[in-house]
Amino acid sequence: ENIRVLIELQELILRKNEELISTLFRSWFIDFDPMKTKVEGKSANEMDEETTALFPNYFEDSELGPIPAGWKIRTIGEIAKISRGLSYKGAGLCEIDDGIPMMNMGSIAMGGGLKITGLKYYNLKFKQKFIATKDDILVVNTSVTKDGKLIGSAAIPELSTECLFTHHLYKVTPNIQ
């Protein structure tokens, strides 16, 4: 029972972190709030001067509308590698202590975030390309629900170890430059 409570608490913390990250991402990289504040000559209360200095002083026109000066519009394939996960054998599913954690669509929450209770464990052979780390983003590509609401939900596999990911997920690995 205590383990169940700890897992639920961990999932709550992860959901709150995902919400915070999502809000910050939207503010900075979609709505460009820090830039708007800077362009208007106001100071951003939530950022120090050093962070504020990282943002350009003006917008440039682009095919998508105004974007921060110096930014470029690119396709996902230009900035990341995308791969599909392991098509696993049911015989390889095992207990927690007998295999490697395996992320699947059940381990990603609706709307995004890690759902630890949905992890499976696997103990058969697999190729290294089916390993995900906390540097990757896993995105659901399949849904068993009629409305398909889980498709597109994403999570960062923030586990204490690397993990496998199934064919129901895409792994997005940023190109480090």
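In what follows, every heavy atom counts, from backbone to side chain, and hydrogens, waters and symmetry copies are set aside.
Under the 3.5 Å distance criterion, the side-chain polar atoms of Glu158 are left unmatched by any main-chain donor or acceptor of Leu114. Checked by atom type and distance alone, the side chain of Asn141 pairs as donor or acceptor with a backbone atom of His167 at under 3.5 Å. One N or O on the side chain of Thr37 and one on the backbone of Asp33 form a donor-acceptor pair closer than 3.5 Å. In this structure a side-chain-to-backbone donor-acceptor pair under 3.5 Å is present from Lys36 to Asp31. Judged by distance alone, the side chain of Asp97 and the main-chain N or O of Glu95 form no donor-acceptor pair under 3.5 Å.
Considering all non-hydrogen atoms of both residues, Asn57 and Val39 come closest at O-CG2, 3.3 Å. Minimum interatomic distance between Lys120 and Tyr88 (heavy atoms only, all atoms of both residues): NZ-OH, 3.0 Å. Taking all atoms of both residues into account, the shortest heavy-atom contact from Asn123 to Cys94 is ND2-CB, 3.6 Å. Scanning both residues, Pro157 and Cys163, for their nearest heavy atoms gives CB-SG, 3.8 Å. When every heavy atom of Phe59 is checked against every heavy atom of Pro68, the shortest pair comes out as CD2-N, 3.8 Å. Closest heavy-atom contact between Gly77 and Asn175: O-ND2, 4.3 Å.
Atoms OG and CE, from Ser153 and Met105 in turn, are 11.5 Å apart once rounded to the nearest 0.5 Å. For the atom pair CG (Asp136) and NZ (Lys171), the distance works out to 5.0 Å, reported to the nearest 0.5 Å. Atom CG of Leu138 is separated from atom CZ of Phe165 by 6.5 Å, given to the nearest 0.5 angstrom. With values rounded to the nearest 0.5 angstrom, Leu164 atom CG is found 9.0 Å from Gln128 atom CD. Rounded to the nearest 0.5 angstrom, Leu24 CG and Phe29 CZ are separated by 7.5 Å. Atom CE of Met102 sits about 11.0 Å away from atom OH of Tyr121, to the nearest 0.5 Å.
Between Ile30 and Phe25 there is a side-chain heavy-atom pair separated by less than 4.5 Å. Two residues are said to be in side-chain contact when any heavy atoms from C-beta on lie closer than 4.5 Å; Ile100 and Ile131 meet this criterion. Taking the side chain as every heavy atom from C-beta outward, Thr173 and Ser83 never approach each other to under 4.5 Å. Within the 4.5 Å cutoff, no side-chain heavy atoms of Tyr122 are placed close to those of Thr166. Side-chain contact between Leu12 and Arg15 is present, with at least one heavy-atom pair separated by less than 4.5 Å. With a 4.5 Å cut-off on side-chain heavy atoms, Met103 and Leu119 count as touching. Looking only at side-chain heavy atoms (C-beta outward), His168 and Asn104 stay at 4.5 Å or farther from each other.
Taking hydrophobic clusters as Ile, Leu, Val, Met, Phe, Trp and Tyr residues chained together by side-chain heavy-atom distances below 4.5 Å, Ile73 shares a cluster with Phe55. Linking Ile, Leu, Val, Met, Phe, Trp and Tyr residues whenever their side-chain heavy atoms come within less than 4.5 Å leaves Val139 and Ile108 in two separate clusters. Hydrophobic clustering (ILVMFWY, side-chain heavy atoms < 4.5 Å, transitive): Leu64 and Ile76 are in distinct clusters. Linking ILVMFWY side-chain heavy atoms closer than 4.5 Å, directly or via other members, places Leu86 and Leu124 in a single hydrophobic cluster. The cluster map of Ile, Leu, Val, Met, Phe, Trp and Tyr, joined by side-chain heavy atoms under 4.5 Å apart, puts Ile156 and Tyr170 in the same cluster.
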Side chain to side chain contact (heavy atoms under 4.5 Å, CB included) evaluation trace for Arg26 with Thr23: CA-CA 5 Å; Arg26 174 168 284 291; Thr23 300; 6.0 Å; no
Verdict with reasoning, Arg4 to Thr117, per side chain to side chain contact (heavy atoms under 4.5 Å, CB included): CA-CA 9 Å; Arg4 175 51 117 192; Thr117 55; 3.1 Å; yes
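Between Phe32 and Trp71, the two ring planes are perpendicular [angle over 60°; tilted spans 30° to 60°].
Heavy atoms from other residues, nucleotides or ligands lying under 6.0 Å from CD1 of Ile3 number 12 at most.
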